[in-house]
J.: 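One structure, as structure tokens, below. Some questions next.
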Amino acid sequence: MENKNLLKGVLFVAMGASFYGMLATFVKVAYDQGYTTAEVTASQFVLGIIALLIINLIMANKNNSIPKVKPKDKKRLILAGTSLGFTSLFYYLSVQYINVSIAIVLLMQTVWLSILVESILTKKFPSAKKLIAMILVLIGTAMATNLINQDVELNPKGLFWGFLAACSFTTTMFTSNSMANYLPPYKKSLYMLYGGGIIVALFVFFSQLGPYYSESLMSLYRNFSDDKTGIHPLNLKIFYTWGLFLSLFGTVLPPILLNKGFPNTGLGLGSIVASIELPVSVTMAFIVLQEQVLAIQWTGIAVIIFAIIISNINFTKS
């Protein structure tokens with residue numbers, strides 16, 4: 001029975017991570033069809049919140065024993081959820097300027113960032129295996145982005161947004177694993193999405209709708225960017241095209257699958273399985289977008305995955 005639960009856990013984690021890995025490729029396709037970052041993120045979060053509201057209502061009718069959210073946890077989850085909004089925005093902004101295969105490598109900097117944050121919070125120097133993992137991630141990143149030969153175009157804006165996405169995602173990892181663990185995943189995810197939705201709503205207003213409807217906001221916008229191509233009313237078509245896909249595979253299924261899988265795999269094995277997001281994302285970009293992925297980049301990706309395995313080599317449940 002234990003082996004069966006472990007296998008189910010591995011499958012849940014692998015599916016959740018794989019869904020995350022596919023997102024950036026389809027965001028890039030949406031960009032090619034003329035949609036903006038504001039439209040992509042707005043549709044993803046609005047439809048994601050609606051879907052989770054429906055799931056919560058269905059589960060509440062089926063099960064009256066679902067615990068209520070404590071008022072202080074409600075505020076904490078919404079605040080922690082703002083990092084979800086920032087992660088999506090930063091990640092999707094990065095793929096405007098750099099290849100998806102590079103953006104996902106930058107997002108994987110959460111490996112050494114989380115080790116660094118953990119050591120600061122616990123006031124303990126990282127163990128030898130974690131230090132080795134940090135060094136391997138940095139070496140793998142240099143290879144995966146081909147910094148040495150520069151055969152891959154590296155736009156500074158894309159690198160900047162990609163690294164910010166990694167920082168934000170690190171915050172999400174720490175907050176989501178330590179707050180309101182008495183709640184079922186679908187309920188916890190809903191409140192975190194509220195926080196992310198607030199950030200996305202502010203971005204939509206200040207980057208697209210506000211400047212379009214207000215001349216004073218347009219003047220303010222010009223101080224930050226000369227590109228006015230995205231200043232127009234929301235293209236609502238996004239909500240029943242890419243929005244449906246992105247909300248389902250970006251904000252609804254992955255959190256539920258990962259929260260169902262990790263209790264069965266443990267944090268160590270679960271983190272290793274979740275690293276499948278990296279090759280899935282690069283492979284999707286290679287197949288769908290026909291992005292060039294050099295041999296040195298594949299080697300770098302393998303080094304990063306090996307670093308994740310090193311840092312989680314203890315398979316006992318956490």
Side-chain angles (χ1 to χ4, degrees), residues 10-11 13-35 37 40-41 44 87-111 136-166 169 241-251 253-254 257-258 271-309:
V10 167
L11 288 173
V13 172
M15 286 171 62
S18 296
F19 290 155
Y20 270 139
M22 295 189 298
L23 284 182
T25 293
F26 293 106
V27 168
K28 197 100 172 179
V29 175
Y31 285 160
D32 290 341
Q33 293 179 2
Y35 296 111
T37 302
V40 167
T41 49
Q44 180 178 334
T87 301
S88 292
L89 286 174
F90 295 152
Y91 188 38
Y92 294 167
L93 282 169
S94 72
V95 299
Q96 279 190 334
Y97 303 102
I98 55 177
N99 287 352
V100 169
S101 52
I102 302 297
I104 187 64
V105 167
L106 291 174
L107 190 64
M108 285 295 124
Q109 303 311 296
T110 52
V111 177
L136 285 174
V137 168
L138 293 173
I139 293 171
T141 300
M143 296 171 70
T145 55
N146 203 20
L147 282 175
I148 300 169
N149 297 319
Q150 281 288 296
D151 289 335
V152 179
E153 187 178 344
L154 299 177
N155 187 300
K157 289 182 181 178
L159 297 178
F160 173 73
W161 292 121
F163 183 69
L164 281 186
F169 191 48
T241 52
W242 291 112
L244 289 170
F245 181 90
L246 295 172
S247 62
L248 182 62
F249 293 104
T251 53
L253 289 179
L257 289 168
L258 292 173
S271 298
I272 293 169
V273 175
S275 67
I276 195 175
E277 178 184 352
L278 183 53
V280 165
S281 184
V282 175
T283 303
M284 287 293 292
F286 179 73
I287 295 171
V288 177
L289 302 175
Q290 297 183 330
E291 287 187 359
Q292 181 187 36
V293 186
L294 306 174
I296 190 173
Q297 291 178 265
W298 285 113
T299 306
I301 289 163
V303 170
I304 293 171
I305 293 173
F306 182 66
I308 294 169
I309 294 172

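Heads up: numbering here begins at 1 and tracks the sequence. Remember, it's a predicted structure, so these values are computed and weren't measured experimentally.
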J.: Does any part of the side chain of Val105, heavy atoms only, come nearer than 4.5 Å to the side chain of Gln297, both counted from C-beta?
T.: no
J.: At what distance, to the nearest 0.5 angstrom, does CD of Gln44 lie from CG of Leu244?
T.: 11.5 Å
J.: How long is the gap from CZ on Phe26 to CG on Asp32, to the nearest 0.5 Å?
T.: 12.5 Å
J.: Run the side chain to side chain contact (heavy atoms under 4.5 Å, CB included) test on Gln33 and Thr241 for me, step by step, so that the C-alpha distance in whole Å, both residues' side-chain angles and the decisive distance to 0.1 Å come before the verdict.
T.: CA-CA 11 Å; Gln33 293 179 2; Thr241 52; 5.9 Å; no
J.: List the steps, then state whether side chain to side chain contact (heavy atoms under 4.5 Å, CB included) holds for Gln109 with Leu138.
T.: CA-CA 8 Å; Gln109 303 311 296; Leu138 293 173; 4.2 Å; yes
J.: So, does Asn99 use its side chain to make a donor-acceptor pair with the main chain of Ser101 at under 3.5 Å?
T.: no
J.: Supply the atom-to-atom distance Phe90 CZ to Phe160 CZ, rounded to the nearest 0.5 angstrom.
T.: 7.5 Å
J.: Specify the closest pair of heavy atoms between Leu136 and Ala307, including all atoms of both residues, with the distance to one decimal.
T.: CB-CB, 3.6 Å
J.: Where the side chain of Tyr31 meets the backbone of Tyr92, is there a donor-acceptor pair that is under 3.5 Å apart?
T.: yes
J.: Which atom names give the shortest non-hydrogen contact between Ile308 and Met108, and what distance separates them?
T.: CD1-SD, 4.4 Å
J.: For Leu93, run the side chain to side chain contact (heavy atoms under 4.5 Å, CB included) check against Leu164, Thr37, Thr41 and tell me which one passes.
T.: Thr37
J.: Can you label the angle between the Phe249 ring and the Phe245 ring as parallel, tilted or perpendicular, going by 30° and 60°?
T.: tilted
J.: How far does CD of Glu291 sit from CD1 of Ile102, to the nearest 0.5 angstrom?
T.: 8.0 Å
J.: So, Gln96 and Trp161: side-chain donor and acceptor under 3.5 Å apart, yes or no?
T.: no
J.: If you round to the nearest 0.5 Å, how far is CD1 of Ile104 from CD1 of Ile304?
T.: 9.5 Å
J.: Could you tell me whether the side chain of Thr87 and the main chain of Phe169 form a donor-acceptor pair under 3.5 Å?
T.: yes
J.: Do you know the tightest heavy-atom contact between Ala103 and Val95?
T.: CB-CG1, 3.6 Å
J.: Between CE of Met15 and CG of Leu253, what distance do you get to the nearest 0.5 Å?
T.: 7.5 Å
J.: Is the side chain of Ser247 donor-acceptor paired with the backbone N or O of Gly243 at a distance under 3.5 Å, no angle test?
T.: yes
J.: If you take all heavy atoms of Ser281 and Tyr91, which pair is closest and at what distance?
T.: OG-OH, 4.1 Å
J.: Would you say that Val288 contacts Val100 through its side chain, given a criterion of any heavy-atom pair below 4.5 Å between the two side chains?
T.: no
J.: Identify the heavy atoms of Ile305 and Ser275 that sit nearest to each other, and give their distance.
T.: CG2-OG, 3.9 Å
J.: Which heavy-atom pair separates Ile276 from Ser18 by the least distance, and what is that distance?
T.: CG2-OG, 3.8 Å
